[in-house]
Amino acid sequence: AYQPYMQLTMMLLMQAAGQQAPPDNDDMVVFINKLRCSVLEAYSGILVGFAEGGALQNFVPNLTNILSFLGFLAGDNTKDEVVLQKAVVLLGDIAHEMGSRPEVKQQINQPFVGQLVQEASASQNESLRQDAHWAQGVVGLAIQAN
């Protein structure tokens with residue numbers, strides 16, 4: 001079982017998520033974007049793993065910090081399209097797996113969610129636009145569900 005490693009893993013992921021690059025340092029921006037992709041993929045993997053194992057309650061305490069990170073990314077001009085895509089997929093995963101929970105519904109009904117989805121929808125990248133469409137659908141269903 002993964003549960004004994006959850007607290008340490010989430011602490012390390014939050015530390016990695018908090019790293020920022022000076023916008024004028026192109027190499028550091030590239031590195032931070034790669035780091036953020038890894039963090040977002042890890043969050044999605046942990047979420048889906050807990051969902052498949054019937055243990056989503058173990059993920060809920062971390063949701064506020066994860067959504068804060070996504071909110072930060074929405075306003076970050078140094079993120080690349082891969083980071084944007086991973087962020088939109090994570091939003092969709094959260095809505096899909098946890099959207100029926102009232103506390104989650106409230107947290108995903110925030111302006112930054114629409115901002116990320118809208119930015120992804122406007123991309124020239126077809127795959128990114130498809131992920132944005134999917135995320136918009138599952139977020140919308142989660143927010144509207146009773």
Side-chain angles (χ1 to χ4, degrees), residues 1-23 28-123 125 127-146:
Y2 179 72
Q3 184 54 36
Y5 309 103
M6 179 69 169
Q7 187 174 0
L8 177 61
T9 301
M10 286 303 190
M11 182 184 70
L12 292 171
L13 289 172
M14 286 311 304
Q15 287 175 348
Q19 301 305 306
Q20 296 182 41
M28 187 61 96
V29 168
V30 169
F31 171 76
I32 292 299
N33 278 322
K34 288 180 181 179
L35 181 63
R36 288 175 177 169
C37 282
S38 297
V39 168
L40 292 163
E41 287 175 343
Y43 283 146
S44 284
I46 292 166
L47 170 62
V48 171
F50 277 134
E52 290 176 357
L56 276 176
Q57 72 278 3
N58 295 321
F59 193 82
V60 172
N62 303 289
L63 196 56
T64 300
N65 288 333
I66 292 168
L67 289 170
S68 292
F69 175 49
L70 291 171
F72 168 78
L73 289 177
D76 181 26
N77 295 327
T78 64
K79 70 180 173 296
D80 61 21
E81 278 201 334
V82 180
V83 171
L84 178 59
Q85 188 163 20
K86 302 293 182 189
V88 166
V89 168
L90 178 56
L91 280 171
D93 287 343
I94 290 168
H96 182 258
E97 301 295 350
M98 305 176 73
S100 63
R101 296 168 179 254
E103 69 273 17
V104 174
K105 197 179 299 196
Q106 178 184 358
Q107 291 185 67
I108 61 173
N109 192 12
Q110 300 292 325
F112 78 85
V113 173
Q115 185 180 345
L116 282 169
V117 170
Q118 186 175 31
E119 184 179 348
S121 296
S123 171
N125 180 325
S127 174
L128 179 51
R129 286 196 314 269
Q130 288 175 354
D131 285 340
H133 180 73
W134 169 76
Q136 184 175 31
V138 293
V139 167
L141 285 173
I143 291 171
Q144 293 173 357
N146 291 330

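None of the values given here were measured: they were computed from a predicted structure. Residue numbers run from 1 in the order of the sequence given.
Side-chain polar atoms of N125 and S123 form no donor-acceptor pair below 3.5 angstrom. S121 and Q136 share no side-chain donor-acceptor pair at under 3.5 Å.
Taking the six-membered ring where tryptophan is involved, the planes of W134 and H96 are tilted, since the angle between them lies from 30° to 60°.
Side-chain atoms of D76 do not come within 3.5 Å of backbone N or O of F72 as any donor-acceptor pair. Checked by atom type and distance alone, the side chain of K105 pairs as donor or acceptor with a backbone atom of A145 at under 3.5 Å. Judged by distance alone, with hydrogens and angles left aside, the side-chain atoms of Q115 form a donor-acceptor pair with the main-chain N or O of A74 at under 3.5 Å. Between the side chain of Q106 and the main chain of P102, no donor-acceptor pair closer than 3.5 Å is present.
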request  = With side-chain contact (heavy atoms from CB on, under 4.5 Å) as the test, would you mind laying out the steps for N65 and L13 before giving the verdict?
outcome  = CA-CA 10 Å; N65 288 333; L13 289 172; over 6 Å; no
request  = Mind running side-chain contact (heavy atoms from CB on, under 4.5 Å) on L67 and V113 for me, showing each step along the way?
outcome  = CA-CA 9 Å; L67 289 170; V113 173; 5.5 Å; no
ask   = What's the verdict on side-chain contact (heavy atoms from CB on, under 4.5 Å) for V82 and N33, showing C-alpha distance, side-chain angles and the deciding distance?
value = CA-CA 8 Å; V82 180; N33 278 322; over 6 Å; no
Residue pair L91, L70: steps toward the side-chain contact (heavy atoms from CB on, under 4.5 Å) verdict = CA-CA 8 Å; L91 280 171; L70 291 171; 3.6 Å; yes
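Scored by the salt bridge (charged side-chain N to carboxylate O under 4.0 Å, His left out) test, E119 finds K79 as partners (sequence neighbours excluded). Shown here are the salt bridge (charged side-chain N to carboxylate O under 4.0 Å, His left out) partners of E41, two or more places apart in sequence or in another chain: K86. In this view, D93 satisfies the salt bridge (charged side-chain N to carboxylate O under 4.0 Å, His left out) rule with no residue, not counting sequence neighbours.
By the neighbour-count criterion of 12 heavy atoms within 6.0 Å, atom CD of Q7 is sparsely surrounded, having that number or fewer from other residues, nucleotides or ligands. By the neighbour-count criterion of 12 heavy atoms within 6.0 Å, atom OH of Y5 is sparsely surrounded, having that number or fewer from other residues, nucleotides or ligands.
Between R36 and D80, none of the side-chain N atoms (NZ, or NE/NH1/NH2) sits under 4.0 Å from a carboxylate O, so this pair counts as no salt bridge.
Separation of atoms CG (N58) and CZ (F50) is listed at 4.5 Å; rounding is to 0.5 Å.
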